[in-house]
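Structure record follows, encoded as structure tokens.
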Amino acid sequence: MTHETYLELAAAHALGALDAVERAAFEAHLVTCQECRAAVADYSNVAGMLALAVPAAAPQDGAALRSRIVQGARAVRPISSAGSAPTRRSMAPWLAAAACLAIAVVSAVAWKKDAALAGRLQVELAAAREGIAKRDSTIAAFFGPEVHVVSLSEPEQKPRMRVYWNHTSNLFIVTAFNVERAPEGKTYQLWALVKGKAPISMGTFNTDATGHATATIHVASNVLDAGHIDNCALTLEPAGGSAQPTETPRLMGAWRHVD
Amino acid sequence: MSTTGQTGEDLSDTTLIARMAAGDERALGQFYDRHGQLAYGLALAITRREAEAEQVVAESFSELWRNARSYGVSSQKVQGGVVVSVVRRQALAARKKAGEGSAKDQVIDRRTAIETTSGKRASVPKSAGERSRDIVIDVLNGLSPVQRTVLELAYFSGLPVREIALETDESEEQVASQLRSAMDALRRTLSVVSAHPNELAVTRA
């Protein structure tokens with residue numbers, strides 16, 4: 001499609017009137033076209049005004065609905081401010097058993113007064129605990145009061161990676177399971193897409209020879225300050241990343257709340 | 001209805017959203033007071049059922065509460081657009097789940113409600129919100145019948161271009177073009193209105 005054809009679709013996109021294939025192609029075009037991004041931003045503002053065309057109305061029992069909304073909020077916390085500890089899940093039974101076994105082994109050896117072996121096992125136990133704590137922290141990042149997720153794929157295809165965004169701990173957790181390893185001198189880069197704005201880099205990562213990756217990326221302040229982020233895109237960039245995408249996205253997806 | 005803080009000044013939507021993000025339930029109540037009638041009216045226009053519209057409003061404000069931090073300082077010029085965006089998406093999902101009937105028939109019902117209500121307000125002094133509404137209705141009335149139908153099917157019925165083409169016996173290219181020209185007409189006329197934040201608020205007592 002030509003740029004003019006895409007521009008003709010900007011209004012339809014702002015209204016949500018494109019089907020999945022058209023939307024994916026259009027949003028891939030948006031990554032590299034400032035004019036179309038500006039058009040979508042303008043049309044989105046106009047679309048919001050259409051709601052004024054219908055009469056504002058009050059439900060039959062407005063007080064009850066208001067109460068229901070506020071009461072419901074008490075059961076679901078919003079994204080909390082920085083400083084709140086993320087919700088931690090208890091260790092899986094096997095992790096607890098492994099820790100207990102290690103402690104039991106250390107105790108038995110100490111009882112037998114083999115100081116050198118006890119010392120070595122204590123070092124291994126400390127390393128195991130550190131690894132468990134790190135995995136526990138990663139697992140905890142998937143959960144919590146406010147987590148969004150985006151499944152990235154080619155149009156109409158199954159996801160090949162997911163990114164979780166834990167707003168409490170300000171972390172992206174990147175999980176790739178079918179993304180070809182980047183060639184030497186190249187890296188994968190994730191982009192936050194906001195209507196009307198240039199793509200914002202979320203960070204870079206690489207997959208292994210099997211196409212897998214698990215990485216945590218701290219959420220930068222320019223991402224936090226970007227406003228409502230609609231979509232996420234993946235491109236292949238020179239090592240170290242780029243200021244802006246240098247190619248059409250390979251994978252894309254829309255952010256959604258994990259309920 | 002004004003939303004007053006301790007100093008007696010109206011709190012902006014940005015401030016209310018920030019307080020909601022910090023867990024302030026009172027701010028959520030104030031945000032609902034400001035946008036609840038707009039939200040319910042839109043939900044009712046899309047779902048056509050009062051019980052479903054109430055459910056949509058409840059779920060929409062729950063979503064706004066959960067995601068308050070992600071809205072932050074919105075790139076949208078009108079903060080109330082966040083409410084409209086969430087309510088519309090939730091209402092269209094509910095409508096699809098309920099398996100609504102002919103979208104085109106509902107265009108006629110909805111248009112009658114729009115025109116009937118606008119006529120009643122002619123003789124009373126109008127708030128900024130009411131004037132904005134009149135502007136939007138005037139622009140819609142100035143569109144060609146096809147442009148207006150296509151626009152309403154896209155916005156209030158949530159139909160994609162392909163289905164609108166089937167409903168209106170137009171090609172998909174013509175539908176996309178009609179949507180663009182209709183939105184351009186709105187954009188030209190509303191450029192002054194949308195430059196002023198909070199004019200999307202409902203009538204305040």
Side-chain angles (χ1 to χ4, degrees), chain A residues 7-12 14-19 22 41-62 64-74 76-81 145-146 148 165 167 194-197 224-229 255 257 259, chain B residues 20-23 25 28-29 32 36-38 40-42 44-45 50 54 57-58 61-62 65-78 81 84-85 88 110 113-114 117 132-133 136-137 140 154-155 158-162 164 176-177 179-180 183 186-187 190 193-194 200 202-203:
Chain A
L7 196 56
E8 190 79 340
L9 294 178
L15 290 163
L18 298 182
D19 64 29
E22 289 172 330
D42 277 348
Y43 286 134
S44 295
N45 283 331
V46 170
M49 299 295 283
L50 285 171
L52 288 179
V54 292
Q60 283 203 353
D61 191 344
L65 179 57
R66 187 188 194 278
S67 176
R68 176 181 163 193
I69 288 169
V70 175
Q71 292 288 336
R74 293 194 181 126
V76 179
R77 300 307 300 165
I79 305 161
S80 54
S81 54
E146 191 53 50
H148 284 83
W165 181 355
H167 292 271
V194 179
K195 279 182 184 171
K197 291 186 177 178
L224 292 173
D225 294 339
H228 185 70
I229 299 175
W255 288 98
H257 184 260
D259 277 323
Chain B
M20 283 161 57
E25 293 154 12
L28 172 63
Y32 171 78
Q37 290 190 9
L38 171 69
Y40 181 74
L42 177 60
L44 190 60
E50 291 180 357
E54 286 192 25
V57 170
F61 277 88
S62 175
W65 166 254
R66 289 197 310 270
N67 297 343
R69 187 165 190 256
S70 67
Y71 300 127
V73 179
S74 173
S75 60
Q76 295 176 334
K77 292 178 181 176
V78 182
V84 164
S85 175
R88 178 176 176 252
R110 188 182 302 118
I114 292 171
T117 310
S132 297
R133 180 163 181 269
V136 173
I137 292 173
L140 288 178
Y155 187 79
L159 296 189
V161 167
R162 178 176 32 85
I164 296 172
S177 181
L179 283 175
R180 182 181 180 183
M183 293 287 274
L186 275 165
R187 185 167 61 165
L190 294 173
V193 174
S194 64
L200 192 57
V202 296
T203 303

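Naming convention: chains lettered A, B, ... in sequence-line order (proteins, then strands); numbering from 1 in each chain.
Between the side chain of B:Trp65 and the backbone N or O of A:Ala73 there is at least one donor-acceptor pair closer than 3.5 Å. Between the side chain of B:Arg180 and the main chain of A:Ala10, no donor-acceptor pair closer than 3.5 Å is present.
Heavy atoms closer than 4.5 Å to chain B are found in both the backbone and the side chain of A:Gln60. Contacts between B:Ser62 and chain A at a heavy-atom distance below 4.5 Å are absent for every atom of the residue. Residue contact with chain B, scored on non-hydrogen atoms closer than 4.5 Å, involves the side chain of A:Leu224 exclusively. Only the side chain of B:Arg162 has a heavy atom closer than 4.5 Å to any heavy atom of chain A. With a 4.5 angstrom heavy-atom cutoff, A:Leu9 touches chain B only via side-chain atoms. With a 4.5 angstrom heavy-atom cutoff, B:Glu50 touches chain A only via side-chain atoms.
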How far apart are the C-alpha atoms of A:Met49 and A:Leu52, what are their side-chain angles, what is the distance that settles it, and do they pass the side-chain contact (heavy atoms from CB on, under 4.5 Å) test?
CA-CA 6 Å; A:Met49 299 295 283; A:Leu52 288 179; 3.8 Å; yes
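Considering only residues two or more places apart in sequence or on other chains, B:Ala58 meets the side-chain contact (heavy atoms from CB on, under 4.5 Å) condition with A:Leu65, A:Arg68, A:Ile69. Annotation: side chain to side chain donor-acceptor pair (under 3.5 Å) contacts of B:Tyr155 (sequence neighbours excluded): none.
The greatest number of non-hydrogen atom pairs below 4.5 Å with chain A, out of B:Gly158, B:Ala176, B:Pro160, B:Ala154, is found for B:Pro160. Put simply, of A:Val46, A:Leu15, A:Leu7, the one with the most heavy-atom pairs under 4.5 Å next to chain B is A:Leu15. Of the listed residues (A:Ala11, A:Ala12, A:Ala57, A:Ser67), the greatest number of heavy-atom pairs within a distance under 4.5 Å of chain B belongs to A:Ala57.
The shortest heavy-atom contact between B:Leu38 and A:Ala56 is N-CB, 4.1 Å. Of all non-hydrogen atoms in B:Phe61 and B:Leu28, the two that sit nearest each other are O-CD1, 4.1 Å.
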